[in-house]
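A quick write-up on the structure given underneath.
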There are 2 protein chains.
Amino acid sequence: MSAGRTARERVRAELTREITDIARRHLAVEGAAGLSLRAVAREMGMVSSAIYRYFPSRDDLLTALIIDGYNAVGEAVENADAARPRGDHAGRWMAVCHAVRDWALAHPHEYALLYGSPVPGYKAPEDTIAPAVRDTVVYGRILSDAHGAGALTPPDVLPPPPASFSQDALRVREVMPGLPDDLVARALAAWTGLFGWVSFELFGQFNQVILDPATAFDHTMRGHGVLLGLRSG
Amino acid sequence: MSAGRTARERVRAELTREITDIARRHLAVEGAAGLSLRAVAREMGMVSSAIYRYFPSRDDLLTALIIDGYNAVGEAVENADAARPRGDHAGRWMAVCHAVRDWALAHPHEYALLYGSPVPGYKAPEDTIAPAVRDTVVYGRILSDAHGAGALTPPDVLPPPPASFSQDALRVREVMPGLPDDLVARALAAWTGLFGWVSFELFGQFNQVILDPATAFDHTMRGHGVLLGLRSG
DNA sequence: AGTCGTCAAGAGCAGTGCTCTCGTTTTTTC
DNA sequence: GAAAAAACGAGAGCACTGCTCTTGACGACT
């Protein structure tokens with residue numbers, strides 16, 4: 001499936017890749033709003049209208065970048081998780097947290113494109129859904145692994161979720177099989193806590209008050225891990 | 001300070017207000033990226049260049065909207081907090097959580113402007129800092145009140161923050177006097193958890209999986225309250 | 001009463017996304 | 001192998017944007 005049959009298909013695939021590469025570089029420098037089809041075309045030595053042979057609109061180019069971004073953060077999370085022993089569930093959780101934060105700090109504009117305000121009028125197409133949950137799948141697997149190993153012993157301090165939560169828990173459980181509703185609820189809290197922290201840090205909400213975010217982040221995520229009942233070893 | 005001395009100052013203040021009102025309406029409809037100075041001018045029956053007498057650039061108009069937005073959410077939070085008895089610390093926390101979420105759901109584009117991706121090249125000026133922390137001040141006061149009343153009894157399940165956290169805790173403590181480092185850390189976790197949840201919900205990250213976000217949100221925030229050691233009454 | 005500052009209007013510049021047409025080239029079909 | 005079909009790059013053009021500069025008129029202070 002890689003090299004297209006005809007020469008035209010091959011050069012088309014190559015040019016498409018080149019366009020997204022240049023676009024990603026522009027995105028990294030000036031953000032999504034500063035991404036200009038004409039500027040990309042200029043850098044390619046093309047005229048602007050030629051770009052439309054490859055991406056029918058600016059939004060489609062952005063969608064390609066979004067998919068790439070989700071895959072990039074997903075891959076970073078997968079690698080961080082795989083580098084730990086399977087039994088070290090707490091370590092895997094912390095590795096995932098730091099992988100997300102490190103990737104976000106290294107690619108702030110891409111992170112903003114994925115987890116910041118959705119661009120106006122933009123509706124996520126089907127193609128973005130699968131890559132978008134790659135990191136969540138890793139997260140769910142850690143919890144399922146721990147639960148399956150009987151290593152998930154959450155402290156009994158939180159109230160149980162209401163019965164009406166069970167419907168949503170059913171859907172969330174697809175990525176973390178076996179977990180009871182209470183743990184699904186805690187998983188949601190930890191996950192939103194992770195991205196909430198990273199977003200606050202990246203979007204400047206910690207403005208001159210948290211000067212050592214790495215320390216506070218690590219401690220906060222460790223706390224989430226404890227609440228999930230994750231233990232090392 | 002309200003009504004300007006001269007007629008000119010009065011009409012200037014009036015026109016400035018009218019511009020921001022129209023701009024806020026446009027912002028609510030099509031988002032920050034769709035906010036056009038020319039469109040605002042058209043609706044005012046002015047020519048576009050005339051707007052620049054009142055706002056030197058589009059960014060300055062956005063800044064005015066950001067300040068208004070922070071004040072709006074801050075006021076909503078203040079009112080929700082004030083509607084509860086001072087001693088009902090847990091109730092006040094839940095009221096603040098729901099106030100933030102309700103305001104965000106009612107003003108999604110404004111929320112995105114405040115807590116979403118910062119607009120490219122935009123640097124928050126001094127004037128936005130004070131309004132930006134109005135909600136945080138309320139939050140801190142609830143915790144300080146509870147702590148002062150001896151009603152803050154957090155469950156002893158989380159590890160203590162590292163010593164290196166104390167510097168940042170010092171600064172955070174300015175809005176929640178009296179709280180020990182451990183509670184400051186928990187306060188950060190709960191606060192980022194709140195906005196992380198709202199952002200996930202608003203920006204479509206719960207995409208077709210959490211269909212009853214109100215229930216899950218309430219339960220998650222209740223859990224954060226428990227971890228903070230908040231009790232009713 | 002005269003000066004100065006403020007104001008709205010208009011023209012204009014550089015840039016954007018996107019559409020359409022027009023030759024050219026490549027691929028497919030007969 | 002020749003003809004039909006599809007894909008392609010270039011160019012012009014439309015409607016729109018933020019922003020600047022100049023011009024002429026009005027209101028405010030000395």
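Every chain is numbered from 1, with letters handed out A, B, ... down the list of sequences. Just so it is clear, the structure is predicted and the values come from calculations on it, not from any experiment.
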Not counting sequence neighbours, which residues clear ring pair (Phe, Tyr, Trp, His ring centres under 6.0 Å) with A:His219? List them please.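 Listed in chain order: nothing, the list is empty.
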Taking the inter-plane angle between the rings of B:His224 and B:Trp93 on a 0 to 90° scale, is it parallel (under 30°), tilted (30 to 60°) or perpendicular (over 60°)?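 Answer is perpendicular, since the angle exceeds 60°.
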Which residues pass the side chain to side chain contact (heavy atoms under 4.5 Å, CB included) test with [X], sequence neighbours left out?
X	answer
A:Asp102	A:His98
A:Asn71	A:Ile67, A:Pro131, A:Arg134
B:Arg84	B:Asp88, B:Arg92, B:Ala95
A:Ala50	A:Met46, A:Val47

How would nucleotides 1-6 of chain D be written as a contact map, 5' to 3', with B for base contact, S for sugar-phosphate-only contact and - for no contact, using protein heavy atoms under 4.0 Å? ------
B/S/- contact track for nucleotides 13-23 of chain D, protein heavy atom under 4.0 Å: B---BBBBB--
Enumerate the residue pairs fulfilling salt bridge (charged side-chain N to carboxylate O under 4.0 Å, His left out) with a member in [range], sequence neighbours excluded, ordered by first and then second residue.
range	value
residues 34-55 of chain B	B:Arg25-B:Glu43
residues 212-224 of chain B	B:Asp218-B:Arg222
residues 198-210 of chain A	A:Arg101-A:Glu201

Which is true for [X] with a 4.0 Å heavy-atom rule: it touches a base, it touches only sugar-phosphate, or it touches nothing?
X	value
B:Leu15	sugar-phosphate
A:Tyr54	sugar-phosphate
A:Ile51	nothing

Sorted by first residue and then second, give each ring pair (Phe, Tyr, Trp, His ring centres under 6.0 Å) pair with at least one member in residues 26-70 of chain A; sequence neighbours left out.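 Sorted pair list: A:Tyr70-A:Tyr115.
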Boundaries of the DNA chain C segment in contact with chain B, non-hydrogen, under 4.0 Å: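 Terminal contacting nucleotides, 5' to 3': C:dG5 to C:dG12.
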